[in-house]
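Chain identifiers are assigned alphabetically (A, B, ...) following the order of the sequence lines, protein sequences preceding nucleic acid strands; residue numbering begins at 1 within each chain. Just so it is clear, the values below take in all heavy atoms, side chains as well, and ignore hydrogens, waters and symmetry mates.
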Amino acid sequence: MSANFGGAGIKYSGAPIPLTLTSINYQKGLDTNVTFTGSFHTTSAMFGVLQTDLGLGIQAYESTAEKFGVTISPMLNILYDIHENNLRLYPQLDATCWWQYGEKPHLFYGSVGTWVELQKAKAHLQIQDNELLPFVTVGHQFIGEKWDVQLELKYIGFQHDNRNVVVDFIGPSHYGSAGLFVGVGRRLSK
Amino acid sequence: MKRLIYIAILGLTSMSCLRLDSFLYNSDTSISEYLLDDFDGETEIQVSDEYDIADSLVHLFTLNSNLDGDIASIYTIYVGDIGRISSDTVILYLHGNADHLDRYWPRIKLLANTGHKNRFGVFAVEYRGFGLSEGTPTEEGMYVDADAAMKWLKEQGLTDDRLVVYGFSLGSAPATELTANARTLQPSKLMLENPFASDEVMVEDASGLTLPGSYFSDLEIDNGDEIQKIEEPFFWMHGTSDAFLQIGTHGETIFKNYNGSYKEAHRIEGATHTNVPFVMGYETYLDAVEKFITRP
């Protein structure tokens, strides 16, 4: 179980800040190769939006020494607002390569993934031509006795020109948004 | 532990009081008087003395605006001869979301030079909660304040056929709403500069996803759809470098969705959200406005 905060980097009054999005996350191993994961997004809840993501982490490959592996994660992001009952579903697919090192062992990982847009039209019946919201991630998980700390850099929507957008996103060469995420987790049982 | 989590989730959701609506109204109520020509704070454009208006033709006064019994005294400026409203064409200028009328005074003066100095009357409204106007800014408040201005114009003898509504940025909301769903007067022409399609478009622009506006705000501004109800001739101008309201998603959507009797577009290369008249060149801008207002 973990708590996470952070988000896309933006400029606010000229100063770079991360959007402060928060969530709580639960993971449970279903067997040696499959882990269930679910998150509840607490910042969204404060806006009256119930946002959760549910999915599986499937071990697609693991080296014999269990030092290196590839995990595939199909997920579903569900958002529903209590104000106007608007529901959105965004399937998500991630592929993560990870390396374990040290005695604990700590974990370094990198992943690519995307949210999938299911809506065919934007507001006012305009054509929806952004079918994917891809991202790349690099992160590190420090493993303690019971507590883990996770630091993650994420680069989201790198195909989108972020100039002339109402929010001043921070992204290389004016594309997408780079963000920092921090997670603190506690293992409830071994 | 589980119970605690359930309580936290229910608590957070039931609070659900965070909304971004108020960020739309970037008003400044710190002033103690309107300075107009003497204002030395931030304005969106600067105009030279040649566009100055004689003091005798600048009328600053208040109107009462009634929002479901909540009566606010709102400030207005009429530029022109009030005695000629019964025969003049009047431009009702509805300003953007920033500060107060002093910020927009150079724009108002400029419009009062359309054709020639004081050819048309120009009437500008300070929405409730902006500048010295009483109250708190709200979407419906903007509509009733703009309608209060129309009531006053009607009392002075203005008729539908001589009312042109000009909405800049946020002002595109009351301009479009009161043209699509006329209350006191039915404007004969609609002009929008760097208009706002809806909060939903803002959310889509920012997220890259088709997230509903209701996830973040209670705003019901919907110019992108309301424009479809309008038959009256429509003039649209928008800066191609508008970083606040993108031309492609806000302006083009409104222009495309208009299906009325006549429309014209002015896409101003390199202009931002606030400087379209400057980038166009003031005389070119005034010519375009005059041609639209005077076209049969």
(request) Report the distance from atom CG of Leu209(B) to atom CG of Leu79(A), rounding to the nearest 0.5 Å. (result)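 Reported value, rounded in 0.5 Å steps: 9.0 Å.
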(message) Nearest 0.5 Å, please: how far is CZ in Phe169(A) from OG in Ser207(B)?
(response)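 Reported value, rounded in 0.5 Å steps: 7.5 Å.
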(request) Would you name the heavy atoms of Tyr215(B) and Asn86(A) that are closest together and state the gap between them? (result)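 For Tyr215(B) versus Asn86(A), the nearest heavy atoms are OH-O, 3.0 Å.
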(message) Can you give me the closest heavy-atom contact between Asn130(A) and Gly208(B), atom names plus distance?
(response)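 Heavy atoms only, the tightest pair is CB-O, 4.1 Å.
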(message) Given heavy-atom pairs under 4.5 angstrom as the criterion, report whether the side chain, backbone, both or neither of Tyr80(A) touches chain B.
(response)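 For Tyr80(A), backbone heavy atoms alone lie under 4.5 Å from chain B.
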(request) Report the option among Gln246(B), Glu200(B), His273(B) that has the most heavy-atom pairs separated by less than 4.5 Å from atoms of chain A. (result)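 Option with the top pair count is Gln246(B).
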(message) Heavy-atom pairs under 4.5 Å with chain A - which of Gly248(B), Ala206(B), Ala243(B), Ser217(B) has more of them than the others?
(response)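 So the answer, after comparing Gly248(B), Ala206(B), Ala243(B), Ser217(B), is Ala243(B).
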(message) Within residues 121-128 of chain A, which residues come under 4.5 Å of chain B, heavy atom to heavy atom?
(response)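 Checking residues 121-128 of chain A against chain B gives Ala121(A), Lys122(A), Ala123(A), His124(A), Gln126(A), Gln128(A).
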(message) Between Val49(A) and Phe216(B), does the side-chain contact (heavy atoms from CB on, under 4.5 Å) criterion hold? Intermediate values first, please.
(response) CA-CA 9 Å; Val49(A) 178; Phe216(B) 299 96; over 6 Å; no
(message) So for atom NE2, which belongs to His140(A), do other residues, nucleotides or ligands contribute more than 12 heavy atoms lying within a distance under 6.0 Å?
(response)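 Yes.
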(message) Is it the case that atom CG in Asp68(B) sees more than 12 heavy atoms from other parts of the structure closer than 6.0 Å?
(response)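 Counting neighbours around CG of Asp68(B), 12 or fewer heavy atoms of other residues, nucleotides or ligands fall under 6.0 Å, so no.
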(message) Between Val165(A) and Phe244(B), is there a side-chain heavy-atom distance shorter than 4.5 Å?
(response)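 Not in contact.
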